[in-house]
Amino acid sequence: MSTGAPVRRLDTTSAEELCRAAEKILTECGTSAASPELLTLVAEFAGDLNERIRHALRPVDTDDGLFVLRGLAVDDTAIGATPAGWATAGDSGALHDIVLLLLATVMGNPLAWEGQQDGRFVHNIVPAPGHETAQTGASSTVLLSPHTEDAFHPGRAHLLMLGCMRNRDNIATTAASIRHVRLDEADIALLARPLLPILPDDAYAEAQGFDGGEPPCVPTLFHAEDGLTLRFDPAYTPVDEAPPAHRAAYRRLAAELARVSRAVSLSPGEVLVVDNDLVVHGRVPFAPRYDGTDRWLKRASVRVPARRTRPLAEEHEHGYGQAAVEAHAA
């Protein structure tokens with residue numbers, strides 16, 4: 001069972017409705033890979049889902065900035081072995097890709113990246129040989145540092161969804177909300193100044209070689225209408241280049257996020273929904289087996305149209321040349 005997070009439950013009828021819709025889409029398209037046909041069908045079926053599903057997927061409504069959706073099922077035998085890496089995953093667990101796309105479409109607009117996981121809208125998060133110590137979802141033996149998803153990019157998701165396929169070792173995702181930290185006004189003021197860039201992470205090799213402009217300096221904290229939000233990725237932020245007072249404030253923020261962090265150990269079928277403007281997430285270290293039974297999550301990103309939780313200055317960032325593709329953009 002998952003721990004440390006608010007829970008919303010899908011009733012049996014709603015879970016079955018989602019699975020039937022996903023089965024029809026998969027039968028029609030033969031794959032969960034993105035295509036105009038697939039995305040059109042997802043939008044049509046999502047529009048017909050019942051109000052109980054829509055209520056369960058209402059916006060995150062507590063300062064926790066997250067919730068776990070329960071009620072879906074995963075057949076451990078039917079999904080096959082945990083893929084050896086995202087590049088070999090293909091259509092593994094394709095039915096669950098489409099279920100996640102339906103959920104994402106109810107909440108907003110699913111997001112893909114041209115430069116990541118072949119442009120798919122649903123990513124496979126599995127440990128990969130040779131990436132054990134990287135600061136990406138393919139790592140395992142190191143702590144995945146708490147971070148904002150795709151923090152380097154102005155088009156990053158508003159919501160992050162992690163659907164559990166397999167987690168026999170109860171490996172926890174970590175999550176910490178900016179609304180739970182204690183910082184004095186001086187630290188907040190310092191961290192609201194755009195003094196440091198956030199560089200592309202190792203999942204974006206092409207972006208790391210971008211030569212179309214200087215890395216933009218961005219604020220770590222921002223006052224939105226409903227409270228404080230953050231953009232945080234210490235593993236890819238050159239904090240040592242900041243003045244001493246700013247470095248100290250950044251360290252205090254990191255310490256506070258660690259203090260309020262919670263562990264969420266997902267069970268198969270559970271979906272963790274994280275507000276990417278309020279919550280940083282990571283993962284505890286674990287020892288991979290590479291025998292087909294390792295932890296396996298599905299990840300979907302969602303943008304919420306007309307949401308205003310970020311500085312207007314982000315609209316002028318170059319995004320290191322990376323293109324964010326919205327599934328149902330007008």
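One hydrophobic cluster holds both Leu69 and Val302 under the rule that ILVMFWY side chains link at heavy-atom gaps under 4.5 Å. Val304 and Val325 fall within a single hydrophobic cluster, where Ile, Leu, Val, Met, Phe, Trp and Tyr are joined by side-chain heavy atoms under 4.5 Å apart, directly or via other members. Following chains of ILVMFWY side-chain contacts shorter than 4.5 Å, one cannot reach Leu266 starting from Met165, and the two form parts of different hydrophobic clusters. Placement of Leu160 and Phe67 in two distinct hydrophobic clusters is found when ILVMFWY residues are connected by side-chain heavy-atom separations under 4.5 Å, directly or transitively. Under the 4.5 Å side-chain heavy-atom criterion for Ile, Leu, Val, Met, Phe, Trp and Tyr, Ile178 and Tyr250 are members of the same hydrophobic cluster.
Judged purely by atom type and a 3.5 angstrom limit, Arg156 has no side-chain atom pairing as donor or acceptor with the backbone of Asp150. With hydrogens and angles ignored, the 3.5 Å screen pairs a side-chain donor or acceptor of Thr27 with a backbone N or O of Glu23. Looking only at distances, a side-chain donor or acceptor of Arg166 sits under 3.5 Å from a matching main-chain atom of Asp76. In this structure a side-chain-to-backbone donor-acceptor pair under 3.5 Å is present from Asn276 to Glu149. With Glu37 contributing its side chain and Cys29 its backbone, the two residues share no donor-acceptor pair below 3.5 Å. A donor-acceptor pair under 3.5 Å links the side-chain atoms of Asp184 to the main chain of Ala186, judged by distance alone. For Arg58 (side chain) and His55 (main-chain N/O), a donor-acceptor pair under 3.5 Å exists by modelled atom type. For Glu315 (side chain) and Ala313 (main-chain N/O), no donor-acceptor pair under 3.5 Å exists by modelled atom type. Panel note: side chain Glu225, backbone Arg308; no donor-acceptor pair is recorded below 3.5 Å.
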Item to check | Intermediate values then yes/no, side-chain contact (heavy atoms from CB on, under 4.5 Å), Leu100 and Asp97 | outcome: CA-CA 5 Å; Leu100 210 57; Asp97 291 349; 5.9 Å; no
Checklist entry - Going through the distances and angles, do Val74 and Cys164 end up as a side-chain contact (heavy atoms from CB on, under 4.5 Å)? => result CA-CA 8 Å; Val74 172; Cys164 182; over 6 Å; no
Next on the checklist: What verdict does the side-chain contact (heavy atoms from CB on, under 4.5 Å) test give for Leu102 and Ile25, after you've listed the backbone C-alpha separation in whole Å, the side-chain angles of each residue and the deciding distance to 0.1 Å?
Outcome noted: CA-CA 10 Å; Leu102 287 165; Ile25 295 169; 4.1 Å; yes
Item to check | Residues His328, Thr105; criterion side-chain hydrogen bond (donor to acceptor under 3.5 Å, both in side chains); working and verdict | outcome: CA-CA 8 Å; His328 313 303; Thr105 299; 3.1 Å; yes
Item to check | Step-by-step side-chain contact (heavy atoms from CB on, under 4.5 Å) determination, Leu103 to Leu57 | outcome: CA-CA 7 Å; Leu103 297 175; Leu57 297 172; 3.5 Å; yes
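For the atom pair OG (Ser265) and CD (Glu270), the distance works out to 8.5 Å, reported to the nearest 0.5 Å. Taken to the nearest 0.5 Å, the CG atom of Asn109 stands 11.5 Å off from the OG atom of Ser301. With rounding to the nearest 0.5 angstrom, the CG atom of Leu49 is 8.5 Å from the OG atom of Ser14. Going from atom CG of Leu101 over to atom CZ of Phe121 covers 7.5 Å, rounded to the nearest 0.5 Å. Taken to the nearest 0.5 Å, the OG1 atom of Thr237 stands 7.5 Å off from the CZ atom of Phe232. Rounded to the nearest 0.5 Å, atoms CG (Asn124) and NE2 (His96) are 11.5 Å apart.
Look at Lys24 and Glu44 and you find no salt bridge, because none of the NZ, NE, NH1 or NH2 atoms lies under 4.0 Å from a carboxylate O. Glu17 and Arg20 are not joined by a salt bridge, as no carboxylate oxygen comes within less than 4.0 angstrom of a charged side-chain nitrogen. The pair Asp91-Arg120 meets the salt-bridge criterion, with a side-chain N (NZ, NE, NH1 or NH2) lying under 4.0 Å from an Asp/Glu carboxylate O. One finds a salt bridge joining Arg231 and Glu317 here, because a Lys/Arg side-chain nitrogen approaches an Asp/Glu carboxylate oxygen to under 4.0 Å.
Within a 6.0 Å sphere centred on CZ of Arg247, other residues, nucleotides and ligands contribute more than 12 heavy atoms.
The closest side-chain donor-acceptor pair between Asp64 and Ser177, if any, does not fall under 3.5 angstrom.
Side-chain contact between Tyr236 and Gln135 is present, with heavy atoms from C-beta onward closer than 4.5 Å. Residues Asn167 and Ser267 have side chains not in contact (no heavy-atom distance under 4.5 Å, counting atoms from C-beta outward). Gln322 has its side chain out of reach of Gln116: every pair of non-hydrogen atoms, C-beta onward, lies at least 4.5 Å apart. At a threshold of 4.5 Å between non-hydrogen side-chain atoms, the residues Arg179 and Thr229 count as touching. Contact of the Asp233 side chain with the Leu199 side chain is not registered, since no non-hydrogen atoms from C-beta on lie closer than 4.5 Å. No side-chain heavy atom of Met107 sits less than 4.5 Å from a side-chain heavy atom of His158. With a 4.5 Å cut-off on side-chain heavy atoms, His246 and Leu196 count as touching. At a threshold of 4.5 Å between non-hydrogen side-chain atoms, the residues Arg295 and Thr82 do not count as touching.
In this structure, Ala5 and Leu66 approach most closely via the heavy-atom pair CB-CD1, 3.4 Å. When all heavy atoms of Ser139 and Arg283 are compared, the pair lying nearest together is OG-NH1, 3.1 Å. The two residues Ser32 and Ile98 have their closest heavy-atom pair at CB-CG1, 4.0 Å. Across all their heavy atoms, Thr293 and Arg168 have their closest contact at CG2-NH1, 3.3 Å. When all heavy atoms are compared, the tightest approach of Thr173 to Gly282 is CG2-O, 3.3 Å. In this structure, Pro129 and Ala84 approach most closely via the heavy-atom pair CD-O, 3.5 Å.
Ring orientation note: the planes of His153 and Trp113 are nearly perpendicular, at an angle over 60° on the 30°/60° scale.
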Name the atoms and distances for all side-chain donor-acceptor pairs under 3.5 Å in residues 205-221, with sequence neighbours left out.
from: Gln208; atom 1: NE2; to: Pro200; atom 2: O; distance (Å): 3.2
from: Gln208; atom 1: NE2; to: Asp201; atom 2: O; distance (Å): 3.3
from: Gln208; atom 1: NE2; to: Asp202; atom 2: OD1; distance (Å): 2.8

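Evaluation of the ring-ring contact (aromatic ring centres under 6.0 Å, His included) test over residues 255-283, restricted to residues two or more places apart or in two chains, returns His147-His281.
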